[in-house]
Number of protein chains: 2
Amino acid sequence: MSALPIAAVERDTGIPKDTLRVWERRYAFPQPVRDDKGERLYPAEQVEKLRLLRRLLDQGHRPGSIVAAPTEALAALLEPAGERGREPADPGIAALIDLVRLHRSAELRATLQQHLVKLGLQRFVSELVAPLSRAIGEAWLHGEIGVAEEHLFTEHVQNLLRSSISSLGTGSRSPRILMTTLPGEEHILGLLMVEAMLAPEGVQCISLGAQTPLADIAQAARDGQFDIVAVSFSAAFPARQAFRGIEQLRDALPASIALWAGGAALHGKRKRIDKVQQIAQLDDLLDALTDWRKAN
Amino acid sequence: MSALPIAAVERDTGIPKDTLRVWERRYAFPQPVRDDKGERLYPAEQVEKLRLLRRLLDQGHRPGSIVAAPTEALAALLEPAGERGREPADPGIAALIDLVRLHRSAELRATLQQHLVKLGLQRFVSELVAPLSRAIGEAWLHGEIGVAEEHLFTEHVQNLLRSSISSLGTGSRSPRILMTTLPGEEHILGLLMVEAMLAPEGVQCISLGAQTPLADIAQAARDGQFDIVAVSFSAAFPARQAFRGIEQLRDALPASIALWAGGAALHGKRKRIDKVQQIAQLDDLLDALTDWRKAN
DNA sequence: CTCATTGTTTGTCCTGGACAAAGTGTTGAC
DNA sequence: GTCAACACTTTGTCCAGGACAAACAATGAG
């Protein structure tokens, strides 16, 4: 557990091998030990710093100014965002985060269930789950919770959303929507939130889960006579790759099928793509749906 | 859609860039075109052959004898396995596969639901879902269904299993089991099947979903006072990597916490690891559970 | 301030070499 | 004939160091 080979570091941090080597050459960090074969072995604390760097890059920092900096200076860089962006957290959300942090599975589930019943599915998603996931993401960004806790949270919410959606039964009205994520995007919580917003409106939502290759999406959309294809991107997904993927998918789809794209990766970027409906917020989904139904 | 850069081919086929280049050097295949910057562009039909090669490798063929061979010869190689291994398929399973192939979502769901009610959760999993997933995997291997259809099937089964498990409520008896997959393994159907087998026995199952880093698993297992950690591996996961991961996880866990490992990746390999309970079949889970309860 | 131009940073790709681990085949003992 | 030990071959992954276009920042003109 003390030192990892380069392939493991790539998997754990999401930083490609090539980039790890070029950083070492240019910025003198990381500086892995070498084993008897001369291969790189990254000590745990350097991997930790690499994870931190990844977060900072996602926040918009540039490698030249942070890779070589000492770890303490980097930790400080995370703070401003914390102070600036952190609203006086909703007490309900703070309580839920505590449950996650303390591994109180049973209570977490019960509390979520309670909110769900009180708010109804759509408001539960847009008013609680969405800000809560953002808060969890931030807490992870600041090292306040671990990966396991984040996974635990995601699982519970997924279970809740899936069973709510299931109990609604298959929608019967148009449009028919095919939902999935592109290759490289494994997070499906966003997708489920979309489904939870739309299913109560009688929409026929079919999800393919994560990472469907472009060609297969297009094929399935035609075969299944769908009206709309919806894809979602988490904050962790590189924005450029997202836009490239959306453009390619738009080209692969017949003009008669609409393409909806949303998620944290697209926020803040003002880039627009022709003939693609970009969804900035969950609530916008309902407007987009109304528009579509008017037009068809 | 006509030619893909090397990074896209890696994503689509699962074959690493390094391997693609070394195959080109050694076996004169693939032979990508070069763009004006001198970078490789893989024509669609070569990518198709690469996908086929990937399937054959998973079946146990070796690169030296298949990479250079013409596509037609390779297609023929897939047949024998089909003829030899294919039992006179269970009519129920064949009917379900047809529903998947034809994108009959509503009927698929209804039929599955029907089987579930008839068989009960545990038999539904061990007698229907397990052989069905194997059959789906084979159908994909032989190109009879696409990625989208496979995803569709997985989603439906997941929804069904998750809501059944949810409706059981949290178990109250010991042991407490923490379930997840290791980094690189994104398939969680196996995990859900395990949970579905154990939850009716009153076991407290907590799932972290896919790809939890080793260190976080160990941490969470200690923090949550779990008795057992269970990990699963799909057929697509490379066996060597699985064994290495299991060994590392065993070392990271305190001796008081048991480690259970199972899944298609471990089948056929007779390798045993000390102090790890290897689960060959789903039914063995119940025996393992009985053993654990006797011993504790 | 807005837009176009120039300079810098940065990720990804390239070549060709190396080597250990996994796999295959052979030999010899029982 | 079966099994274990050995040598040989195959194969994936790593390495170094160079190159370049796309993204980004800085500068200057209208």
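Order of the sequence lines sets the chain letters (A, B, ...), proteins ahead of strands, with each chain counted from 1. Note that this is a predicted model, so its numbers are computed, not measured.
Between the side chains of B/T181 and B/E186, no donor-acceptor pair is found at a separation under 3.5 Å.
The pair A/E24-A/R34 counts as a salt bridge, with a side-chain nitrogen and a carboxylate oxygen less than 4.0 angstrom apart.
In this structure, the CD atom of A/Q241 is 12 Å from the C1' atom of C/dT12, given to the nearest Å. One interatomic measurement links the two molecules: CG of B/L41 to C1' of C/dC13, which rounds to 12 Å at whole-angstrom precision. Rounding to whole angstrom units, CG of residue A/L20 and C1' of D/dA16 are separated by 15 Å. One atom, CG of B/D36, and another, C1' of D/dA22, lie 13 Å apart when rounded to the nearest Å.
Where B/K37 and A/E24 each meet DNA chain D at their nearest nucleotide, the meeting point lying more 5' is that of A/E24.
Side-chain contact between B/Q211 and A/R11 is absent, with no heavy-atom pair separated by less than 4.5 Å. The shortest distance between side-chain heavy atoms of A/L182 and A/I217 falls below 4.5 Å.
Identified under the side chain to side chain donor-acceptor pair (under 3.5 Å) test for residues 41-50 of chain B, with sequence neighbours left out: B/E48-B/R51.
Judged by distance alone, the side chain of B/Q248 and the main-chain N or O of B/G245 form no donor-acceptor pair under 3.5 Å. Judged purely by atom type and a 3.5 angstrom limit, B/E149 uses its side chain to pair as donor or acceptor with the backbone of B/G146.
Axis angle between the ends of the helix from C/dC1-D/dG30 to C/dC30-D/dG1, five pairs each and rounded to 10 degrees, works out to 30°.
Taking every heavy atom of both residues into account, A/A261 and A/I246 meet most closely at CB-CD1, 3.7 Å.
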Quiz item: For nucleotides 6-14 of chain D, read 5' to 3', which letter fits each nucleotide if B means a protein heavy atom sits under 4.0 Å from the base, S means only the sugar-phosphate is that close, and - means neither?
Solution: ----SBBBB

